[in-house]
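Comments concern the structure below.
Below, chains carry the letters A, B, ... as their sequence lines are ordered, and counting in each starts from 1.
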Number of protein chains: 2
Amino acid sequence: MPYKKQRSALGSSTAVEDYLERILELINAKGYARVVDIAAALKISQASVTNMVQRLDAESLLKYEKYRGLILTTSGKTLARQIAHRHRLLTDFLKLLGLSDRVIYHDVEGMEHHISLPTLRAIEALTNQLRRRPALRAQLQAAVV
Amino acid sequence: MPYKKQRSALGSSTAVEDYLERILELINAKGYARVVDIAAALKISQASVTNMVQRLDAESLLKYEKYRGLILTTSGKTLARQIAHRHRLLTDFLKLLGLSDRVIYHDVEGMEHHISLPTLRAIEALTNQLRRRPALRAQLQAAVV
DNA sequence: CTTTCGAATTAGGCATACCTAATTTAATTA
DNA sequence: TAATTAAATTAGGTATGCCTAATTCGAAAG
């Protein structure tokens, strides 16, 4: 066996997912995603980003022209949206529990890669139920604060 | 900056936490934890376990005598119990959502290292509330199955 | 007491994903 | 158009955590 890779339920490594997530965010916010901006968003060096972007190109998750720019492929876009959606669901859920934004950000960032589809659906259902039950929500948020 | 380490809310790496968790399990089940059993439980080689056990000794989380055996130190035991407790809480929570044991095991194994104390407390409170609300639980479990 | 054999260790590597330093590209400004 | 400079790339490393192969240890059996 070569190496025990960190793979998520979506089939990609946690690093790949982090990159795709930020790239989609940047594209949504500014229309494009430059190496320097991805590096700043992920708090890593530009060299590391160049490296990964070339790898994502090789994996057909995006198309990259050196020194020019990148666009997500259809499969890259689909995957990035699934990642973003999962991120949103988890954030919404923790928000209803009354946790602080800082804690939510940290925990979602760490755990998102490890949540399977069934668990995600269960948490989505739970979130919907919590939305309809303000009394229950209040009890939970009281326990946290 | 040297390397972006995978650190949990408890301050240790995810690998260290996995080892401590299994070591405590083995000690609870059989009274002792041998290298060969730790390796089997974690599905990694004995060589890797020897390596890590020596590191945990250097970090004073356990005391190890070569070729002999190991015992957890007080701080190692405390940490291992925190990890086990967190694992239990997360497992209990997902169980109430109606997820299968296989999914629960996989997801908890991945996410446990990334859950902060505030989030853990919130999930604990939520779990307690779910226990008291069989109707809500039934709705959630229906959504999953 | 010696042989045997499973358990443990050491030595040497590899993959992922990061880094810094040096260089190259391209866009902007003079 | 030439010079400047920000952005991107390449080259060469490092840390973590895993591996296999070879060796050493020690417990149990003869």
**Asked** Starting at OH of Tyr32(B) and ending at P of dA8(C), how long is that distance when rounded to a whole Å?
**Response** 10 Å
**Short side-chain N/O contact from Ser13(B) to OP1 or OP2 of dG17(D), under 4.0 Å** = yes
**Request:** Tell me whether the OP1 or OP2 atom of dC19(D) has a side-chain N or O from Ser45(B) closer than 4.0 Å.
**Result:** yes
**Item:** Most 5' of Tyr67(B) and Tyr67(A) on DNA chain C, judged by nearest nucleotide
**Value:** Tyr67(B)
**Complete:** Here the salt bridge (charged side-chain N to carboxylate O under 4.0 Å, His left out) pairs for residues 106-117 of chain A, sequence neighbours left out, are Arg22(A)-Glu109(A)
**Request:** Write down the distance between CG (Asp37(A)) and C1' (dA7(D)), rounded to a whole number of angstrom.
**Result:** 10 Å
**Message:** Rounded to whole Å, how long is the line connecting atom NZ of Lys43(A) with atom C1' of dT20(C)?
**Reply:** 20 Å
**Fill in**
From CE of Met52(A) across to P of dA15(C) the rounded distance in Å is 16 Å
**Asked** Asn51(B) CG to dT20(D) P: how many Å, rounded?
**Response** 14 Å
**Request:** State the CD1-CD distance between Ile71(A) and Glu65(A), to the nearest 0.5 angstrom.
**Result:** 8.5 Å
**Request:** Side chain of Ala15(A) only, please: which of dA17(C), dT9(C), dG17(D) is the nearest?
**Result:** dA17(C)
**Prompt:** For DNA chain D, what residues of residues 17-30 of chain B have any heavy atom nearer than 4.0 Å?
**Reply:** Tyr19(B)
**Asked** Is there a side-chain contact between Leu96(B) and Asp92(B), using heavy atoms and a 4.5 Å cut-off?
**Response** no
**Asked** Where the side chain of Arg55(B) is defined as all heavy atoms beyond and including C-beta, which of dA8(D), dT10(C), dG17(D) is the nearest nucleotide?
**Response** dG17(D)
**Prompt:** Picking from dT9(C), dT20(C), dG17(D), which would you name as closest to the side chain of Lys66(B)?
**Reply:** dT9(C)
**Asked** Is there a chain of hydrophobic side chains (I, L, V, M, F, W, Y, each step under 4.5 Å between heavy atoms) that links Leu90(B) to Leu10(B)?
**Response** no
**Under 4.0 angstrom between Arg7(A) side-chain N/O and dA15(C) OP1 or OP2** = no
**Item:** Residues forming a side-chain contact (heavy atoms from CB on, under 4.5 Å) with Leu89(B), sequence neighbours excluded
**Value:** His85(B), Leu120(B), Glu124(B)
**Asked** What about Ile38(A) and Val16(A), same hydrophobic cluster or not, with Ile/Leu/Val/Met/Phe/Trp/Tyr joined at side-chain heavy-atom distances under 4.5 Å?
**Response** yes
**Request:** Could you check how far CD of Gln54(A) sits from P of dT9(D), rounded to whole Å?
**Result:** 6 Å
**Message:** The side chain of Ser48(A) is closest to which nucleotide in this list: dT9(C), dC18(C), dA7(D)?
**Reply:** dC18(C)
**Short side-chain to backbone donor-acceptor contact, Arg137(B) and Arg131(B), under 3.5 Å** = yes
**Request:** Go through dC19(D), dT9(C), dA7(D) for me and flag the one nearest to the Val36(A) side chain.
**Result:** dA7(D)
**Asked** Side chains of Leu130(B) and Leu97(B): does their closest heavy-atom pair fall under 4.5 Å?
**Response** yes
**Prompt:** His113(B) NE2 to dG17(D) P: how many Å, rounded?
**Reply:** 11 Å
**Fill in**
Here the distance between atom C1' of dA17(C) and atom CG of Leu56(A), to the nearest Å, is 13 Å
**Prompt:** Among dG17(D), dC19(C), dT9(C), which is the nearest nucleotide to the side chain of Gln46(B)?
**Reply:** dT9(C)
